[in-house]
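Below: the structure, in structure tokens.
Fair warning: this is a prediction, and the values are worked out from it, not measured in the lab.
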Amino acid sequence: MSETVEVEVAGRSYRLRSDEGGADLAAVARLVNERIGEILEAAPHLEKEEVAILAALNMGDELLRQRAASAAGPAEIEEAVAAVRGRLAELVRRMEQATASPD
């Protein structure tokens with residue numbers, strides 16, 4: 001069931017509908033406000049519209065990077081695991097050589 005939630009972003013109130021509940025929208029509004037605050041701190045001379053666009057671009061970039069990071073398929077994961085196993089085996093071999101008693 002859809003719920004109407006009121007959130008405040010950059011000093012303005014917005015009434016939004018959500019199928020997921022108000023807590024999620026409130027968390028998103030907090031995140032947006034944090035990002036806007038960071039941008040305003042770094043560049044207080046910018047217009048509100050410019051700040052909002054920069055915040056949206058910044059968050060969109062972050063989302064795309066996270067998607068790309070999580071898009072690694074099984075082949076990439078297996079390759080990474082194999083590489084780590086190979087490095088561990090090499091370290092074990094070196095450690096055994098270093099600690100081996102001379103005959």
Between CD of Glu34 and CD of Glu38, what distance do you get to the nearest 0.5 Å?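 Answer rounded to 0.5 Å: 7.0 Å.
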Distance (rounded to the nearest 0.5 Å) between Asp19 CG and Ser2 OG: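 Interatomic distance, Asp19 CG to Ser2 OG, rounded to 0.5 Å: 5.0 Å.
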May I have all residue pairs that pass side-chain hydrogen bond (donor to acceptor under 3.5 Å, both in side chains) and include part of residues 52-62, sequence neighbours excluded?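 Checked against side-chain hydrogen bond (donor to acceptor under 3.5 Å, both in side chains) - neighbours excluded - the pairs reaching residues 52-62 are Arg35-Asn58, Arg35-Glu62, Asp61-Arg65.
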Minimum heavy-atom separation for Ser18 to Leu25, with atom names?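 Distance-wise, the nearest heavy atoms are CB-CD1, 3.4 Å.
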Where is the tightest heavy-atom contact between Asn33 and Ala10, given as atom of each residue plus distance?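 Where Asn33 meets Ala10 most closely, the heavy atoms are OD1-N, 2.8 Å.
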Around atom CD of Glu79, are there more than 12 heavy atoms from other residues, nucleotides or ligands closer than 6.0 Å?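 No, not enclosed.
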So Asp24 and Val5, do their side chains get closer than 4.5 Å, heavy atoms only?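 Answer no - side chains too far apart.
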With sequence neighbours left out, what residues match Arg85 under side-chain contact (heavy atoms from CB on, under 4.5 Å)?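 Listed in chain order: Val81.
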Which pairs of donor and acceptor atoms, one on a side chain in residues 42-57, lie under 3.5 Å apart (sequence neighbours left out)?
residue : atom : partner : partner atom : Å
Glu50   : OE1  : Glu47   : N            : 2.9

Residues two or more places apart in sequence or in another chain: which of them pass salt bridge (Lys or Arg N to Asp or Glu O under 4.0 Å) with Glu8?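 Testing Glu8 for salt bridge (Lys or Arg N to Asp or Glu O under 4.0 Å), a comparison that skips the adjacent residues, returns none.
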Can you list the residues that meet the salt bridge (Lys or Arg N to Asp or Glu O under 4.0 Å) rule with Arg15, with sequence neighbours excluded?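 Testing Arg15 for salt bridge (Lys or Arg N to Asp or Glu O under 4.0 Å), a comparison that skips the adjacent residues, returns Glu6.
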